[in-house]
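What follows is one structure encoded as structure tokens, with my remarks underneath.
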Amino acid sequence: MNTSRAETLTDRVLLVLALVLTLLPLLNMVSAALQPADVNPTGLAWPTDPQWGNFAAAFETGHVGKLMGSSLLIVAGVVPAALLAATLAGYALGSLRVRGGGPVLIFLVLGLAIPFESLIIPLYYQAQTLGTLNTRWAVILPLIGLFMPFGVFWMRAHFVNVPRELSEAARVDGAGLWQEFRRIQLPLALPAVSALAILYFLWTWNQFLLPVVLIDNPLDRTAAGALTFFQGQYSLSIPLLNAGALIVITPVIIVFLIFQRQFVKALLSGAVKS
């Protein structure tokens, strides 16, 4: 499809504008984090004497190292289990066309409309009943369930577009259901699975409300909970708060930059299918 020079110029201008709007808050955080700890920064201004030591102070004050380790444990418990369940369910609903799949899909889509905050109190009492309150399991188990509606919908959207001739050819060659899934369907679904894994990682790593409510020990929460340590004597230190926030979001940025090709590939593969 041919595009005019005006359309090309407009697209580039919009992309540059989106880039600026995305990077501007991040640059503002960096400039604020490098200000002296006792200064309240206003606006975007690079300091004449950058205080790089604020990052070390924020790392120690926020117990970021311990909380990153706790976040990794929660991520290791949530992402593989949620990814496996979503992939298998998406395969069943999208490729196998199991009986009752339509109502199940509608039920899952309705789950996307439930406000997350409205589930906090029921989850608290459920964790208390199960005996998982104040443990990482109180966060891991609910997150697996909360991620299911989107994950199943995402994976079904992939499997439903895979040509059925591939499955029929595999069955003719004598492949069983598990062999078909493992050797044919799963390799084709790797871009979608990779993108979903990235989203699950980002959502779990940035989880704040659930760990704060369900875990009493601050050091057993996620990395986002490190910002709560800046209350009290550091509550007015905007530079240290920004430094801590930058440290927390750095792993997220690194993961996205490493796997951005897989993420874009999954989005494009879903966009060109009919």
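Quick note: residue numbers are just sequence positions, from 1. Excluded from the calculations below are hydrogen atoms, water molecules and symmetry mates; all remaining heavy atoms, backbone and side chain alike, are included.
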key: Side chain D220, main chain D216, donor-acceptor under 3.5 Å   = no
request  = For residues V79 and F147, determine if any side-chain heavy atom of one lies less than 4.5 Å from a side-chain heavy atom of the other.
outcome  = no
request  = Report yes if some heavy atom in the side chain of L214 is under 4.5 Å from a heavy atom in the side chain of N134; otherwise report no.
outcome  = no
ask   = Does N242 use its side chain to pair, donor to acceptor, with the backbone of I238 at less than 3.5 Å?
value = yes
remark   = Tightest non-hydrogen contact, residues I198 and F259, listed as CD1-CB, 3.1 Å
message = Please report the interatomic distance CG(L24) to CG(L19), rounded to the nearest 0.5 Å.
response = 10.5 Å
message = Rounded at 0.5 Å granularity, tell me how far CD in E180 sits from OH in Y91.
response = 3.5 Å
task = State, to 0.1 Å, how close S70 and R136 come at their nearest heavy-atom pair, and which atoms those are.
result = OG-NE, 3.0 Å
key: Beyond-backbone contact of L199 with F150, side-chain heavy atoms, under 4.5 angstrom   = yes
inquiry  = side chain to side chain contact (heavy atoms under 4.5 Å, CB included), that's the test. Do W203 and L143 meet it? Break it down for me.
reply    = CA-CA 9 Å; W203 295 341; L143 284 181; over 6 Å; no
note = Residues M148 and A85: closest non-hydrogen pair is SD-CB, 3.7 Å
key: Contact check, side chains of H158 and V162, non-hydrogen atoms, under 4.5 Å   = yes
ask   = Rounded to the nearest 0.5 Å, what separation is found between the OG1 atom of T132 and the CD1 atom of I215?
value = 9.5 Å
key: From CA spacing to verdict: side chain to side chain contact (heavy atoms under 4.5 Å, CB included), F153, V109   = CA-CA 7 Å; F153 187 78; V109 172; 3.9 Å; yes
key: Test item: L108 and L93 side chains (from C-beta on) under 4.5 Å apart, heavy atoms   = yes
key: Reported CG-to-CD1 distance for the pair L202 and I249, which is rounded to 0.5 angstrom   = 11.5 Å
ask   = Does the side chain of T204 come within less than 4.5 Å of T222's, by heavy atoms?
value = no
note = Smallest heavy-atom separation, M155 atom then V193 atom, equals CE-CG2, 3.6 Å
query = Can you check whether A33's main-chain N or O pairs, donor with acceptor, with N54's side chain at less than 3.5 Å?
reply = yes
task = Taking the side chain as every heavy atom from C-beta outward, state whether T87 and F159 have any pair of such atoms under 4.5 Å apart.
result = yes
request  = Verify whether one side chain among S167 and Q185 offers a donor that lies under 3.5 Å from an acceptor in the other.
outcome  = yes
task = For W154 and A192, indicate whether the former's side chain and the latter's backbone hold a donor-acceptor pair under 3.5 Å.
result = yes
key: Reported CG-to-CD distance for the pair L240 and E60, which is rounded to 0.5 angstrom   = 11.0 Å
inquiry  = Taking the side chain as everything from C-beta on, heavy atoms only, tell me whether Y200 gets closer than 4.5 Å to V78.
reply    = no
key: Nearest-0.5 Å distance that lies between atom OG1 in T129 and atom OH in Y124   = 10.5 Å
